[in-house]
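The structure appears below as structure tokens.
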Amino acid sequence: MNIPMLDLRSEYLYMKNDIDTAIAKCLEHQSWILGPEVKEFEKKCAEFFGVKHCIGCSSGTDALVIALRAIAISSGKEFFSRDEEILTTPFTFTATGDAILRSGATPVFIDINPVDFNISIDGIDKYLKADGKKVKGILPVHLYGTPCNMDDIYEIASKYNIFIVEDVAQAFGACWKNKKLGAIGHAGAFSFFPSKNLGGFGDGGMISTNNDTFAEIATILTKHGGKDKYNVDYIGYNSRLDTLQAAILLAKIKYIDQFNNKRIGIAKKYNSELQGIEEIELPEIIDGSVFHQYTIRAKNNKRTALQGFLKEKGIASMVYYPLCLHQMKLFQERAKIHSPLTEAEKASKEVLSIPVEPLMTEQQQNYVISEIKEFFRLNG
Ligand SMILES: Cc1ncc(COP(=O)(O)O)c(C=O)c1O
């Protein structure tokens, strides 16, 4: 058997009629830049998240940068300054920290909560109490599709009067207490990278917000920084969502709840079948999670051997992420760390994500389960 992390070809075939029709429509109208599908997809997303505005852009990275820039501009300056701080997790994709730097601010890395791998609320609270004067905002990441505790984050942000930009790149359709992620903070930033829960056929991103002024500035920033691109007000970007991507995403969004539910079903099956193996820790099934990744911890330095064994058996697996952001040269030079990031470093040595393709067959799921059991039978 050969089991990839994802099977995008099968997903395409599953939705082929919808996708082919959507692409054919674009070929007919030839309106490649900001064609009708972009507005339609933005409207659809706004309804789906329950927010007033969604603004398409070129990538999840741009969505983060533009969201942060729009907040800086709303407060009267083009960029944040180096002595302004934004709190985030060191256990995320590079783009999260990089976006903070590109907005002009300094990232401050707060350790993670070992249960859900997300930023520690206690860590945020401690930093704000001890050293919080320069903090302008929090950038929580809903890692692996698991929601951060948005009640607590919202409460802290309100208390200190700081903003929240949610990094929802891995959590399209996920909820915190029946509210869609990306609809709780001041803004949300989504990615349509092909492997995301809602993935395009290339790069794409989206910013969500309920704030009219913010939405207007963010929209302007995606189009060179002006309402009129021949007469601009801000340092902007060429960061429009392609018509073709919007058309494909509109076709695919019909399936998002069905696919997210399939992911949750696979995660539950893995959890019930793999429980009892002492040397792995299984993820908690947290309400509202959409299992962008199903990530276990392999304890006692067994991860590399487990990954190698699975590879030999034709089962793909990935380490998200082998290095924390504060361990990278860029951030060592430019970011701030408050206290030891012990849990993030520990997680980076233990985590292993295994296939959670929504269209995986029962037989494939059983094969993954039995090979993991076999590894620990041989190496326990
Ligand atoms: C947590 C997180 N933030 C940001 C991004 C950036 O998104 P993109 O690749 O669309 O720029 C990604 C995904 O790649 C991500 O996983």
Side-chain angles (χ1 to χ4, degrees), residues 5-6 8 41 45 54-69 86-103 107 109-110 112-113 116-119 137-148 150 153 164-174 181-182 185 187-208 218 221-222 237-242 244-246 248-249 252 263 289-295 318-326 328 330-331 335 344 347-348 351 353 356:
M5 289 297 285
L6 273 184
L8 294 180
F41 181 57
C45 285
C54 277
I55 303 125
C57 62
S58 292
S59 68
T61 306
D62 276 11
L64 286 166
V65 175
I66 289 167
L68 296 175
R69 286 280 321 282
I86 298 175
L87 310 184
T88 196
T89 164
F91 195 55
T92 178
F93 180 56
T94 325
T96 313
D98 185 39
I100 296 176
L101 290 176
R102 286 174 61 194
S103 77
F109 294 123
I110 305 289
I112 60 164
N113 161 2
D116 62 11
F117 300 103
N118 284 329
I119 191 165
I138 310 176
L139 207 173
V141 180
H142 306 293
L143 198 75
Y144 305 147
T146 305
C148 297
M150 291 309 292
I153 292 179
I164 305 166
V165 170
E166 297 175 68
D167 183 335
V168 209
Q170 301 190 5
F172 195 104
L181 299 182
F190 293 85
S191 163
F192 304 122
F193 187 83
S195 64
K196 298 298 194 239
N197 286 38
L198 181 64
F201 287 2
D203 282 308
M206 180 77 79
I207 302 151
S208 58
L221 288 178
T222 64
Y237 308 89
N238 176 359
S239 186
R240 298 164 297 227
L241 179 64
D242 279 342
L244 195 57
Q245 296 305 339
I248 292 162
L249 291 162
K252 290 185 78 177
R263 287 173 183 269
S289 173
V290 288
F291 283 92
H292 173 60
Q293 301 296 345
Y294 178 89
T295 304
M318 291 292 288
V319 174
Y320 299 118
Y321 296 94
L323 212 57
C324 299
L325 267 54
H326 66 281
M328 300 179 189
L330 172 68
F331 299 106
S348 72
V351 290
S353 302
V356 65

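When a ligand or atom number is given, it counts from 1 through the structure's own listing order. By convention here, the first residue in the shown sequence is residue 1.
Using a 4.0 Å cut-off to heavy atoms of Ser191, the atoms of ligand 1 that qualify are 7 (O), 8 (P), 10 (O). Close approach of ligand 1 to Ala169 is summarised as follows: ligand atoms under 4.0 Å from at least one heavy atom of the residue are 2 (C), 3 (N), 4 (C), 5 (C), 12 (C), 15 (C). Close approach of ligand 1 to Thr96 (heavy-atom distance below 4.0 Å) involves ligand atoms 3 (N).
Note: Cys57 SG to Met206 CE = 8.0 Å, rounded to the nearest 0.5 Å. Atom CD1 of residue Ile55 and atom OG of residue Ser239 lie 11.0 Å apart, to the nearest 0.5 angstrom.
None of Thr92, Asp98, Thr94 except one satisfies the side chain to side chain donor-acceptor pair (under 3.5 Å) rule with Thr96; the exception is Thr92.
Heavy-atom proximity to atom 11 (O) of ligand 1, evaluated over Val141, Thr94, Thr61, is greatest for Thr61. Across Gln293, Lys196, His292, Gln170, heavy-atom proximity to atom 13 (C) of ligand 1 is greatest for Lys196.
From the protein, the heavy atom lying nearest to atom 3 (N) of ligand 1 is Asp167 OD2, 2.8 Å. Remark: minimum distance from atom 9 (O) of ligand 1 to any protein heavy atom is reached at Phe193 CD1, 3.8 Å.
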Could you walk me through whether Phe117 and Tyr320 pass the ring-ring contact (aromatic ring centres under 6.0 Å, His included) check?
CA-CA 11 Å; Phe117 300 103; Tyr320 299 118; over 10 Å; no
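No N or O atom of Thr92 sits closer than 3.5 Å to an N or O atom of ligand 1. Any N or O atom pair closer than 3.5 Å counts here, and Gly60 shares at least one such pair with ligand 1.
You'll find the side chain of Phe190 stays beyond 4.5 Å of the side chain of Leu198, heavy atoms only.
Distance alone, capped at 3.5 Å, is enough to place a donor-acceptor pair between the Lys252 side chain and the Gly199 backbone.
In this view, Phe91 satisfies the ring-ring contact (aromatic ring centres under 6.0 Å, His included) rule with no residue, not counting sequence neighbours.
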